[in-house]
Peer 1: 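Shown below is the structure under consideration.
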Amino acid sequence: MSDTPDDIRQAAAGVLRPCLRLFPPAMAEQIQTYLQQSIHYEPVIGIMGKSGAGKSSLCNAIFQDQVCLTSDLLACTRTPQRLALSVGERTVTLVDLPGVGETPEYDVEYRSLYHSLLNELDLIIWVLRADDRARAQDISTHRELMACGADPGRFLFVLSQVDRFSSDSCDSDSPNGIPAAKVATLITQAASRFPSSFPVMAVSAHTGHNLPAFVELMIHALPAQASSQVYRQIKTENRTDDSRTKARKDFMSIAGHAFDAVTEPLFLPSGLARILKRLRRKLIRLAGSLWDRLFG
């Protein structure tokens, strides 16, 4: 189907009509408006990592649109680079965030920058080069973000370029020539230095190692209103049944919340309340069908 705003509105109205027509017009409009806000939500994802960590390569391996990220910021502005990824009318914004540790003066500016951006970011993907032992700048930046009130549940840490390890050091369980035991040790070390609500993932943009699993983790880490839009931007080969199911369920849960927001203020007899519960289940099922058309 076409991806223009008008076409999306018409699709939503058509799929949801069997349920919404049972509501008074004002209530039906409120539910549809709530869902439209989710359909047109534009996620913002922060990307952290030193120059050379493989941020651009990782993003290019995951997303359909091409990405060029850089941490080489102009000294006169010290502003983050923003890059909009678009599939049709849908947009996801990547924000390449600078790290502290250059100079004390710049660190003061970065602290102010973090404060202004944290509430805007749906997720922060932190790229750590697997064969780089120098983590001091990453650690100090992470601590600064935590001090600014960052939510640990909004961080994903990823060890990139694990294909760089020599295949000569591989053990018998090494997938794709990657030394599993060595990588497991690095994951443990990274997890101890960078506390997060999610496990550290080791990937290779070059070989595709663990990219679908990383996408699954990313979809699970995103807030419900952002997961479908991000899923739509993912390359087909990196989508899995798990990531699809999670994004679809998130959208269906938003439909349920929309229904609740409209109906909860009502005080109804038990008989009408049971009818509303059936209508809620019907709306959620129809929202799943709408997701298939818009995002699947």
Side-chain angles (χ1 to χ4, degrees), residues 45-63 67 69-71 94 96-97 99 101 123-143 145-146 150-222 227 230-231 233-244 246:
I45 298 176
I47 308 292
M48 295 293 303
K50 296 187 298 186
S51 180
K55 294 178 290 182
S56 293
S57 297
L58 177 62
C59 290
N60 282 329
I62 291 174
F63 295 108
V67 175
L69 297 170
T70 175
S71 291
L94 302 182
D96 189 13
L97 294 165
L123 186 68
I124 297 176
I125 297 175
W126 205 307
V127 185
L128 305 165
R129 184 165 153 173
D131 61 349
D132 181 9
R133 295 186 179 183
R135 303 276 192 235
Q137 183 177 340
D138 291 295
I139 292 172
S140 62
T141 301
H142 179 254
R143 289 175 179 171
L145 286 168
M146 291 295 99
D151 179 1
R154 288 289 176 262
F155 285 87
L156 286 185
F157 291 93
V158 55
L159 292 175
S160 68
Q161 306 181 46
V162 292
D163 55 293
R164 285 178 173 267
F165 292 115
S166 170
S167 58
D168 295 337
S169 63
C170 293
D171 54 43
S172 59
D173 296 325
S174 300
N176 300 326
I178 296 172
K182 183 177 183 64
V183 170
T185 299
L186 292 173
I187 287 174
T188 300
Q189 291 173 349
S192 66
R193 293 170 178 168
F194 304 98
S196 172
S197 301
F198 300 94
V200 176
M201 186 72 70
V203 304
S204 167
H206 177 65
T207 67
H209 175 69
N210 257 359
L211 293 185
F214 178 69
V215 167
E216 288 182 1
L217 196 63
M218 182 169 61
I219 296 299
H220 278 272
L222 285 162
S227 60
V230 173
Y231 176 86
Q233 303 283 345
I234 298 297
K235 287 183 176 178
T236 303
E237 61 266 29
N238 294 322
R239 298 178 183 178
T240 65
D241 289 341
D242 179 90
S243 58
R244 181 185 188 280
K246 177 59 168 60

Peer 1: Using a 4.5 Å cut-off on heavy atoms from C-beta on, say whether the side chain of I234 contacts that of F63.
Peer 2: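 Side-chain contact under 4.5 Å: yes.
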Peer 1: Closest heavy-atom contact between I187 and V200?
Peer 2: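 Smallest heavy-atom distance, with atoms named: CG2-O, 3.8 Å.
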Peer 1: Any donor and acceptor pair, going by atom type alone, linking the side chain of S204 with main-chain N or O of H209 inside 3.5 Å?
Peer 2: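 No: the side chain of S204 does not pair with the backbone of H209.
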Peer 1: Does some side-chain heavy atom of D242 sit less than 4.5 Å from a side-chain heavy atom of H220?
Peer 2: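 With C-beta onward as the side chain, the pair touches.
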Peer 1: Just verifying a value: how many Å separate H142 NE2 and R193 CZ, rounded to the nearest 0.5 Å?
Peer 2: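 The distance works out to 13.0 Å.
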Peer 1: Measure the shortest side-chain to side-chain distance between M218 and S243 over non-hydrogen atoms and say whether it is less than 4.5 angstrom.
Peer 2: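 They are not in contact (no side-chain heavy atoms under 4.5 Å apart), so the answer is no.
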Peer 1: Do L211 and L58 touch side chain to side chain, with heavy atoms closer than 4.5 Å?
Peer 2: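 Yes, side chains in contact.
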Peer 1: Between CG of L217 and CG of L222, what distance do you get to the nearest 0.5 Å?
Peer 2: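 Spacing of CG (L217) from CG (L222) equals 10.0 Å.
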Peer 1: Output yes when K50 and D132 qualify as a salt bridge under the 4.0 Å nitrogen-oxygen rule, no when they do not.
Peer 2: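 Looking at K50 and D132, the cut-off is met.
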Peer 1: Nearest 0.5 Å please: distance from the CD1 atom of I47 over to the OG atom of S56.
Peer 2: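 If we round to the nearest 0.5 Å, I47:CD1 and S56:OG are 9.0 Å apart.
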Peer 1: Without swapping roles, check the side chain of R154 against the backbone of A221 for a donor-acceptor pair under 3.5 Å.
Peer 2: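 Looks like yes, one N/O pair under 3.5 Å.
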Peer 1: Between R244 (side chain) and R239 (backbone), is there a donor-acceptor pair under 3.5 Å?
Peer 2: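 No, R244 side chain to R239 backbone: no donor-acceptor pair under 3.5 Å.
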Peer 1: When rounded to the nearest 0.5 angstrom, what is the spacing between CG in L97 and CD1 in I45?
Peer 2: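 CD1 of I45 is found 12.0 Å from CG of L97.
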Peer 1: Determine yes or no for a side-chain-to-main-chain donor-acceptor pair under 3.5 angstrom, with S196 supplying the side chain and F155 the backbone.
Peer 2: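 Here the side-chain-to-backbone pair exists.
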Peer 1: Measure the shortest side-chain to side-chain distance between F157 and D138 over non-hydrogen atoms and say whether it is less than 4.5 angstrom.
Peer 2: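 The answer is no, as the side chains (C-beta and beyond) never meet within the 4.5 Å cut-off.
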Peer 1: Just by modelled atom types, is the K246 backbone N or O under 3.5 Å from a matching donor or acceptor in the E216 side chain?
Peer 2: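 Not confirmed, E216 side chain does not pair with K246 backbone.
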Peer 1: Compare all side-chain heavy atoms of Q189 with those of L186 and state whether any distance is below 4.5 angstrom.
Peer 2: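 Counting from C-beta outward, Q189 and L186 do come under 4.5 Å.
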Peer 1: So which atom in A130 and which in V162 form the shortest heavy-atom distance, rounded to 0.1 Å?
Peer 2: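 Of all heavy-atom pairs spanning A130 and V162, the closest is CB-CG1, 3.8 Å.
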Peer 1: Side chains of S160 and K55: closer than 4.5 Å at any heavy-atom pair?
Peer 2: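 With C-beta onward as the side chain, the pair stays apart.
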Peer 1: After noting the C-alpha distance and the side-chain angles of V215 and T240, does the key distance pass the side-chain contact (heavy atoms from CB on, under 4.5 Å) rule?
Peer 2: CA-CA 8 Å; V215 167; T240 65; over 6 Å; no
Peer 1: What's the spacing between L156 CG and S197 OG if we round to 0.5 Å?
Peer 2: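 One gets 9.5 Å once the value is rounded to the nearest 0.5 Å.
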Peer 1: Between atom CE of M146 and atom OG1 of T141, what is the distance when rounded to the nearest 0.5 Å?
Peer 2: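 Between M146 CE and T141 OG1, I get 11.5 Å after rounding to 0.5 Å.
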